[in-house]
Amino acid sequence: GENVEQHPSTLSVQEGDSAVIKCTYSDSASNYFPWYKQELGKRPQLIIDIRSNVGEKKDQRIAVTLNKTAKHFSLHITETQPEDSAVYFCAATLNNAGNMLTFGGGTRLMVKP
Amino acid sequence: SAVISQKPSRDICQRGTSLTIQCQVDSQVTMMFWYRQQPGQSLTLIATANQGSEATYESGFVIDKFPISRPNLTFSTLTVSNMSPEDSSIYLCSVERGQGASKTQYFGPGTRLLVL
């Protein structure tokens with residue numbers, strides 16, 4: 001089955017700096033890669049996703065890149081703000097198999113004002 | 001997106017007892033999923049629940065411990081049976097929305113379970 005590894009496990013940045021979180025996956029058939037943000041005591045919220053027919057997707061300060069050959073994808077947050085502080089999870093799945101997501105271990109992002 | 005509710009939002013239970021968690025969605029969905037999130041950890045899929053068929057369990061999870069019902073397309077329950085302190089976790093349901101290559105998964109608010 002799919003295995004997703006996520007790095008780093010914790011990340012501390014100054015407000016205004018950029019943050020990058022990286023994930024690798026094992027199943028070359030996976031074709032859907034969402035990112036979730038989970039604030040303390042809250043549910044995971046989908047913030048951006050990418051499908052294997054594109055290499056990059058951007059939504060305001062958030063972008064995701066995908067390298068299918070190397071089987072890794074990354075989340076980029078620019079101009080970080082204190083409200084970006086949360087745990088971020090990457091996930092991977094084959095999007096026609098009931099969408100059973102396999103999650104990475106999570107990254108705790110702390111943005112210092 | 002999807003409006004998903006769970007009951008209870010939290011509970012404290014004694015070991016050896018069972019708790020049934022409910023998940024309600026605002027519209028019909030084919031696939032519903034149950035995840036466990038242990039303290040400070042990532043999300044692990046317990047099982048996939050389709051209406052009209054038996055739930056499909058992931059490795060390490062069994063029906064006797066986590067029986068699931070899916071009586072219709074907007075509702076599912078997960079029971080945590082014969083609980084022990086190791087079952088203390090957040091239990092989340094999720095649903096799949098969209099069609100074909102545009103399917104996306106959304107989570108309920110979770111049920112925080114503490115077993116004493």
Side-chain angles (χ1 to χ4, degrees), chain A residues 1-10 21 23-25 27 29-54 57 59 64 66 86-110, chain B residues 1-6 9-10 21 23 25 29-51 53-61 70 89-114:
Chain A
E2 177 67 276
N3 181 50
V4 178
E5 298 203 355
Q6 183 171 346
H7 300 281
S9 57
T10 61
I21 303 170
C23 289
T24 61
Y25 61 99
D27 189 348
S30 288
N31 60 3
Y32 175 61
F33 309 91
W35 286 87
Y36 289 85
K37 174 184 180 181
Q38 188 176 32
E39 296 176 83
L40 189 62
K42 302 286 183 63
R43 76 186 78 190
Q45 296 270 19
L46 179 70
I47 56 171
I48 196 167
D49 57 13
I50 191 166
R51 301 176 196 273
S52 60
N53 56 339
V54 298
K57 183 176 178 181
D59 183 3
V64 58
L66 171 64
V87 179
Y88 291 81
F89 293 99
C90 64
T93 189
L94 177 60
N95 202 340
N96 61 357
N99 224 10
M100 291 175 285
L101 294 172
T102 300
F103 283 85
T107 296
R108 183 173 300 278
L109 174 64
M110 293 168 284
Chain B
S1 62
V3 177
I4 308 168
S5 60
Q6 284 185 235
S9 59
R10 60 181 67 239
I21 302 168
C23 181
V25 190
V29 292
T30 302
M31 309 291 289
M32 294 181 78
F33 306 89
W34 286 98
Y35 288 85
R36 181 175 73 182
Q37 187 175 28
Q38 295 178 300
Q41 302 296 312
S42 185
L43 292 88
T44 301
L45 181 66
I46 297 171
T48 302
N50 291 339
Q51 194 266 337
S53 63
E54 293 285 331
T56 302
Y57 289 83
E58 296 301 301
S59 176
F61 298 96
R70 183 79 200 276
S89 290
I90 301 172
Y91 292 86
L92 300 118
C93 67
S94 71
V95 303
E96 190 177 73
R97 279 288 171 85
Q99 299 289 331
S102 299
K103 286 182 284 190
T104 308
Q105 199 165 131
Y106 298 96
F107 285 87
T111 295
R112 287 154 183 79
L113 172 61
L114 176 63

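Within every chain, numbering begins at 1; the chains are lettered A, B, ... in the order of the sequence lines, protein sequences first and strands thereafter. Because the structure is a prediction, the values reported are computed rather than measured.
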(message) Counting only non-hydrogen atoms closer than 4.5 Å, does A:Pro34 touch chain B with its backbone (N, CA, C, O), its side chain (CB onward), both, or neither?
(response) neither
(request) Could you tell me which of B:Thr30, B:Asn50, B:Leu43, B:Thr56 has the largest number of non-hydrogen atom pairs under 4.5 Å with chain A? (result) B:Leu43
(request) Quick one: sort the A:Phe103 and A:Phe89 rings into parallel, tilted or perpendicular, breaks at 30° and 60°. (result) perpendicular
(request) Can you sort out the partners of B:Arg112 under salt bridge (charged side-chain N to carboxylate O under 4.0 Å, His left out), two or more places apart, ordered by chain and number? (result) none
(message) Hydrogens and angles aside, do B:Gln105 and B:Tyr35 bring a side-chain donor and acceptor to less than 3.5 Å of each other?
(response) yes
(request) Report yes or no: do A:Asn3 and A:Tyr25 form a side-chain donor-acceptor pair below 3.5 Å? (result) no
(request) Would you mind checking which part of A:Gln6 comes under 4.5 Å of any heavy atom in chain B, side chain (CB onward), backbone (N, CA, C, O), both or neither? (result) neither
